[in-house]
Amino acid sequence: MSDTPLHDPCRPPLVDSTTETRNTTCYMCACRCGIRVHLRNGEVRYIEGNPEHPLNQGVICAKGSSGIMKQYSPARLTKPLMRKPGSERGDGQFVEISWEEAYSILEQRLKKIRTIDPKQFALFTGRDQMQALTGLFARQFGTPNYAAHGGFCSVNMAAGMIYTIGGSFWEFGGPDLERAKLFVMIGTAEDHHSNPMKAALSRFKRNGGRFVSINPVRSGYSAIADEWVPIKPGTDGVLLLALIHELIRLGLYDREFLARYTNAGQLVNQDTHSDDLGMMLRNVQGDVVNPLRPANFYWWDRLTEQPVSDHAEGADPALLGHFTMPDGTPAVPAFQLLEERVKPYTPEWAEAITGIPADTIRRLAHEMGITARDQKIELPIAWTDSWGKRHASVTGNPVAFHAMRGLAAHSNGFQTIRSLSILMSLLGTIDRPGGFRHKAPYPRAVPPNARPPKGPQAVKPNTPLDGAPLGWPESPDDLFVDEQGKPVRIDKGFSWEHPLSAHGLMHNVITNAWRGDPYRIDTLLIFMANMAWNSTMNTSEVRKMLNDKREDGEYKIPFLVVCDAFQSEMTAFADLILPDTTYLERHDCMSMLDRPISEFDGPVDSVRIPVVAPKGECKPFQEVLVELAGRLKFPAFTHTDGTRKFRNYTDFIVNYETAPGSGIGFLAGWRGKGGEKSMRGEPNPKQWEMYEKNNCVFHYQMPVEYQYMRNWNRGYMEWAQKVGIRRDKDPIVIHIYSEFLQGFRRAAQGKRPGKQPPDHLRNRVETYFDPLPFYYAPLEEQATDTAKYPLNAITQRPMAMYHSWDSQNAWLRQIHAHNYLFVNPRTASSEGISDGGWMWVESQWGKVRCMCRYSEAVEPGTVWTWNAIGKSAGAWNLTPEANESQRGFLLNHLISEELPASTAGAFVSNSDPITGQAAWYDVRVRIYKAQDDEPKQSWPQFKAVPAAPGVQSVVPRWLAYFAGKGAGK
Ligand code: SF4
């Protein structure tokens, strides 16, 4: 064998070859790191992290560096396709068509729907990064039936925090690990905020910080924690409430912070005969601050022993006590109600439910409390608060938290995350050094100003919706229901079943559309979402629904359009396939109107620039939307004379403004005619080039006095209003007690005028819309025989693959080609299941056969597996014998998208009753050994689908990257 390496990186460039390096943004996961793509003769040779990018500063992960093999994946779709006449959905039989035919089919169909009833068209997207554009498309079309993946991802995390502190984790905020001394991570494995989190954790630990991870499984970040605290899934709220109990009992809360910056001192009406029971008392003589959100509250002043307007000069609000107003109304500060609420939530109570020893809970609470109290940070930064008080410095309490789907994906997740937000507030850590820090455009009002449409009248033929299809209800009158209180959206979002479903309920769209509940739709357009496999609960049944027909032979969901770059499980069910580009082939923007990549010190947005030409006939979905919007003559895309406003996506991004002359568009950098302005300014024709020259990033560093305490920082508020980040500049007071939730509860009790829940949902709304956090067992668990199904089953995403995106990636398949069920050896051996042996996992909904892997890194009452490694045979252009389908499995077959029938109805989503967050992690299972004579193959199995036209038909036995020869040998 020759000693010459196959590829010598030190070899001088080949004579006659052209080499170049281009900057763009990674999309091998949702993290959006900056990358440098090295090309030789126009072919991708190497991808590295961009050291000049603020997000990842040169760090790249296994996925990011394997982007080459995504580019040369054998599963790439390359041509628009129509289902072959006479073939059935799911058979994977297609014929090639031209883009003009595809456009014309869509144009005719959508034009007709828009003229008759726009909500017959539904657009739902997966983990895309263009929701400002897809949302605008839906709004202009006039359909409310739009959402992205948030409802089945982590809407509880967003809503639970935003309805409490006006911000959330990941894109919109995070832990300040530069200054924290104690870091507590809950329910997070390998997160979206991947590389920045890893780099920050490394620095944090080197600086002597203590890292505690609370998680049923010790993997990912938890593997490097100083202390792992195993917890039973779905009981995080119990732990958090017990920690709050302990902090209050010990007096280890930041009283000064609570009094000035939260509603802890605001007086709550306690008159049991009043319809306003539980609502804040309002001072009619007081300053409303903002008429759109009146804030004329009362404090009980400890100095004068009487009620005063909140934040009255010189007043000191009581946080505890019972008081009587001058008119005889009994009142208590909100904090008193919290104290009473958590009194029974003792560490012993929590131990019995979470499995965490009471002493550990007491120790953790004490550690959090004294770290916050005794290791205060003071920065010499003067600032002025919203009530006009000048502060000589910014102070902070160095306890930071981070949490994600482990808390969110339960039907009790919203109240759990309210508990977390309140714990963080008690410790005084909101937007302060060493604690939680916001990222622009957050903080936003509690709740943010966008509201969903208010009733069926909002949907009119050939007319855009008045506002965005999604929003943040503030009161029952903001719900999107008809006169009987029934849902108007196909996913039943913003209805009494899930009133605060700010991200929609994508996980119920197919089931609802199939059943015709609340109505039937005509066309469902799915972008980048694998709804026939890992993005759906109850996968086997949903696949049948996609194929189910009416008596007249028409499919129950008549027309299914799928846009994706790869031949996934979902594409086999499409009537029309639109081949998308990869992230290396297109323009894209991570916009301030959407989910930017802001830093703590100011807004940051970024772009993707194509580094190679699209493969085959692939087109970016953005181009498809802009083209269709022009053909359908949406007002925002058309001049008054009927001609198109935008040539293409890049032209749209440069020239679109949120309102005529607003100066606010998708990109905040290099605005103004010559690129001299930022945040706001006229369109700049050279804007893309300027981003490209600047590492594809625009970073606006705010003056340091605007960087902290932003909920109540007058200077920041004025700046944010000027640049269009905030509508108002009133303070964003933290809601320890949620008057908004109480408003819904009062409606359910029949004590509030306006929209009323249907009778069968009154009890549900009254129970769960509690203005103070509380614990209840997950809804599925309440409807499960837990003696029969004693174990919790959960999934998580591995570091080396992002959901289902990477099973076609030859390099990453070498890390994960099949998955095991990880079981604590005590649990497995008690069932006679051996390490590596075949076993069954069964829930009340279904069962799967898989292989067992012993693991001490999981608490004994939980089993878990990697998400989406198991594949359907033939999907992703894997051979039917590939390990992914023969040894890999999908836990989703065990999960239901609906709950068993109850007083709340027969077809209620298996979701959080407040937000509609999919309750993926609530499923209960039992395990048992597979018989020795059973096939050594995972189950269920599905018929293999052939490669679609335009997809590489002969799959090489092995794949490798050979420069200059493409992929595959
Ligand atoms: S963390 Fe995500 S965005 Fe960053 S390099 Fe890895 S795959 Fe790419």
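One-based numbering along the sequence shown. Just follow the structure's listing: the first ligand is 1, and inside any ligand the first atom is 1. Since we're looking at a predicted model, the values are computed, not measured.
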Give me the residue, atom name and distance of the protein heavy atom closest to atom 8 (Fe) of ligand 1.
Cys26 SG, 2.3 Å

If the plane angle is over 60° it's perpendicular, under 30° parallel, otherwise tilted; pick one for His149 and Phe152.
perpendicular

Give me the nearest non-hydrogen protein atom to atom 6 (Fe) of ligand 1 as residue plus atom name, then the distance to 0.1 Å.
Cys61 SG, 2.2 Å

Separation of Asp605 CG from Arg32 CZ (nearest 0.5 Å):
10.5 Å

Hey, what's the ring geometry for Tyr46 with His38, parallel, tilted or perpendicular (30° and 60° as the breaks)?
tilted

Is Asp580 reaching over with its side chain to a backbone N or O of Phe621, donor-acceptor style, under 3.5 angstrom?
yes

Give me the nearest non-hydrogen protein atom to atom 5 (S) of ligand 1 as residue plus atom name, then the distance to 0.1 Å.
Asn195 ND2, 3.4 Å

Of the protein's non-hydrogen atoms, which lies at the shortest distance from atom 4 (Fe) of ligand 1, and what is that distance?
Cys33 SG, 2.3 Å

Select one of side chain, backbone, both or neither to describe which atoms of Cys29 lie under 4.0 Å from any atom of ligand 1, heavy atoms only.
both

Between Glu884 and the options Ser872, Ser804, Ser807, the side-chain contact (heavy atoms from CB on, under 4.5 Å) test singles out Ser807

Numbered atoms and elements of ligand 1 in range of Arg32, under 4.0 angstrom, heavy atoms
3 (S)

Enumerate the atoms of ligand 1 whose separation from the nearest heavy atom of Lys63 is less than 4.0 angstrom.
7 (S)

Could you check whether the rings of Tyr649 and Trp688 sit parallel, tilted or perpendicular, using 30° and 60° as the cut-offs?
tilted

Using a 4.0 Å cutoff against the non-hydrogen atoms of Ser194, which atoms of ligand 1 qualify?
1 (S)

